[in-house]
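Order of the sequence lines sets the chain letters (A, B, ...), proteins ahead of strands, with each chain counted from 1. These values consider heavy atoms only, across backbone and side chains, with no hydrogens, waters or symmetry-generated copies.
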Number of protein chains: 2
Amino acid sequence: MVNSTQYTSAALKAELNSKGWRMTPQRETILKVFQELPAGNHLNAEELHARLETSSGISLSTVYRTLKLMARMGILRELELAEGHKHYELNQPYPHHHHHLVCVKCYRTIEFKSNPILTIGSKAATERGFKLLDCQLTIHAVCPECQRSIVPL
Amino acid sequence: MVNSTQYTSAALKAELNSKGWRMTPQRETILKVFQELPAGNHLNAEELHARLETSSGISLSTVYRTLKLMARMGILRELELAEGHKHYELNQPYPHHHHHLVCVKCYRTIEFKSNPILTIGSKAATERGFKLLDCQLTIHAVCPECQRSIVPL
DNA sequence: TTAAGTGCAAAAACTTTGCATATTT
DNA sequence: AAATATGCAAAGTTTTTGCACTTAA
């Protein structure tokens with residue numbers, strides 16, 4: 001378990017309460033799933049729901065509501081890597097913060113880090129008075145394998 | 001009309017043909033719509049279809065198919081700025097290439113440029129053998145106005 | 001000619017919402 | 001006690017697909 005200490009459920013509760021929202025077992029469980037997710041993994045709503053269903057019976061509605069809430073709070077990052085559905089991962093601070101290189105054909109995804117980008121992104125936001133939540137470079141490209149294949153689309 | 005000379009329909013035809021695909025009036029028309037779109041504008045499938053419907057009667061299916069095709073060819077950029085639907089814009093080279101700063105609450109979007117990011121992105125792709133199609137930094141943040149409002153979500 | 005592209009309508013996939021009930025604060 | 005959150009089922013959006021017909025190469 002690599003990332004489990006980043007963001008405690010107490011911190012989540014505090015942040016929720018400061019805005020008049022509430023901590024619930026569902027939200028705590030969902031946070032935990034993301035914290036225990038191995039680096040480089042992402043989940044969409046359906047996948048998260050599948051993991052939760054067995055143990056806790058959290059509904060799909062709540063999954064969607066929680067993902068949106070946490071993304072807007074800056075706790076989760078919304079990734080648009082593959083077709084059709086958003087994926088989510090923990091929004092981690094500096095040493096773990098990373099970007100994505102995605103093959104538009106096979107959707108293979110590679111993570112990479114870059115401090116300069118983080119710096120440029122923060123500056124772009126703050127100098128316009130925006131409060132930064134997330135800063136992600138997404139590179140769309142064709143991977144070496146797919147460059148060779150003549151497969152269409 | 002600022003960008004009309006960037007990418008001719010002849011160039012599109014050549015690129016399509018090189019892969020066994022075909023130029024069609026629909027594809028030509030859609031390219032033209034994007035070329036004539038004022039800087040800073042984006043269209044989703046529905047909006048593009050609405051513009052086409054009046055004159056040319058291009059179907060929604062074709063709109064979706066064409067957007068996906070052109071995005072994967074690197075001609076269009078797929079943007080994930082607001083809720084629920086993708087937006088598209090021309091994927092423009094260097095002097096026009098830009099990134100997006102988006103308010104997660106009101107979805108106000110600001111474009112900004114950065115050469116260093118383009119450089120870092122190209123390098124990240126090519127040093128892994130990927131052929132670069134697009135490189136976009138998306139910054140999620142809260143705009144000054146929305147920081148003041150206590151409106152939830 | 002013949003393989004790719006289009007339009008249509010139907011289906012699929014994804015996400016949101018209304019409402020009664022349960023829970024935090 | 002009051003207001004937020006949840007679960008369920010239903011509805012809403014967005015996107016894809018099958019198929020017969022058309023058209024570019």
Exercise. Are A:Glu28 and A:Lys13 ion-paired here, with the side-chain N under 4.0 Å from a carboxylate O?
Worked result: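 Not counted as a salt bridge, because no side-chain N and carboxylate O are separated by less than 4.0 Å.
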
Seminar exercise, completed: On DNA chain D, more 5' by nearest nucleotide between B:Leu60 and A:Leu16 is A:Leu16

For this session: Please figure out whether A:Met23 or B:Ser56 has its closest DNA chain C nucleotide nearer the 5' end.
Result: B:Ser56

Report the distance from atom [atom1] of [X] to atom [atom2] of [N], rounded to the nearest whole Å.
| X | N | atom1 | atom2 | answer |
| --- | --- | --- | --- | --- |
| A:Leu67 | C:dT16 | CG | P | 10 Å |
| A:Leu48 | C:dC14 | CG | P | 14 Å |
| A:Leu12 | D:dT4 | CG | P | 17 Å |
| B:His49 | C:dT6 | NE2 | P | 13 Å |
| A:Lys68 | C:dT17 | NZ | C1' | 11 Å |
| B:Ile58 | C:dG5 | CD1 | C1' | 12 Å |
| A:Glu47 | C:dC14 | CD | P | 10 Å |

From the options [options], select the nucleotide whose nearest atom is closest to the side chain of [X].
| X | options | result |
| --- | --- | --- |
| A:Thr24 | D:dA5, D:dT14, C:dA3 | D:dA5 |
| A:Thr62 | D:dG7, D:dG18, D:dA25 | D:dG7 |
| B:Lys13 | D:dT6, D:dA25, D:dA3 | D:dA25 |

Exercise. Could you state the interatomic distance from OG (B:Ser122) to CD1 (A:Ile139), rounded to the nearest 0.5 Å?
Worked result: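 Going from OG on B:Ser122 over to CD1 on A:Ile139, the span is 7.5 Å.
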
Exercise. Short question: side chain of A:Glu47, backbone of A:Asn44 - any donor-acceptor pair under 3.5 Å?
Worked result: yes

Is [X] touching bases, backbone alone, or none of the nucleic acid, heavy atoms closer than 4.0 Å?
| X | answer |
| --- | --- |
| A:Asn17 | sugar-phosphate |
| A:Gln26 | sugar-phosphate |
| B:Ser61 | base |

Can you see if the side chain of [X] gets near the phosphate of [N] - specifically, an N or O under 4.0 Å from OP1 or OP2?
| X | N | result |
| --- | --- | --- |
| A:Lys19 | D:dT4 | no |
| B:Arg65 | C:dG7 | no |
| A:Tyr64 | C:dT15 | yes |

For this session: State which residue, out of A:His42, A:His87, A:His140, fulfils the ring-ring contact (aromatic ring centres under 6.0 Å, His included) condition with A:His100.
Result: A:His42

For this session: Mark yes or no for a side-chain to base donor-acceptor pair under 3.5 Å between A:Arg22 and D:dA3, with no hydrogen or angle criteria applied.
Result: yes

For this session: State, with a plain yes or no, whether a side-chain heavy atom of B:Leu90 is found less than 4.5 Å away from one of B:Leu31.
Result: yes

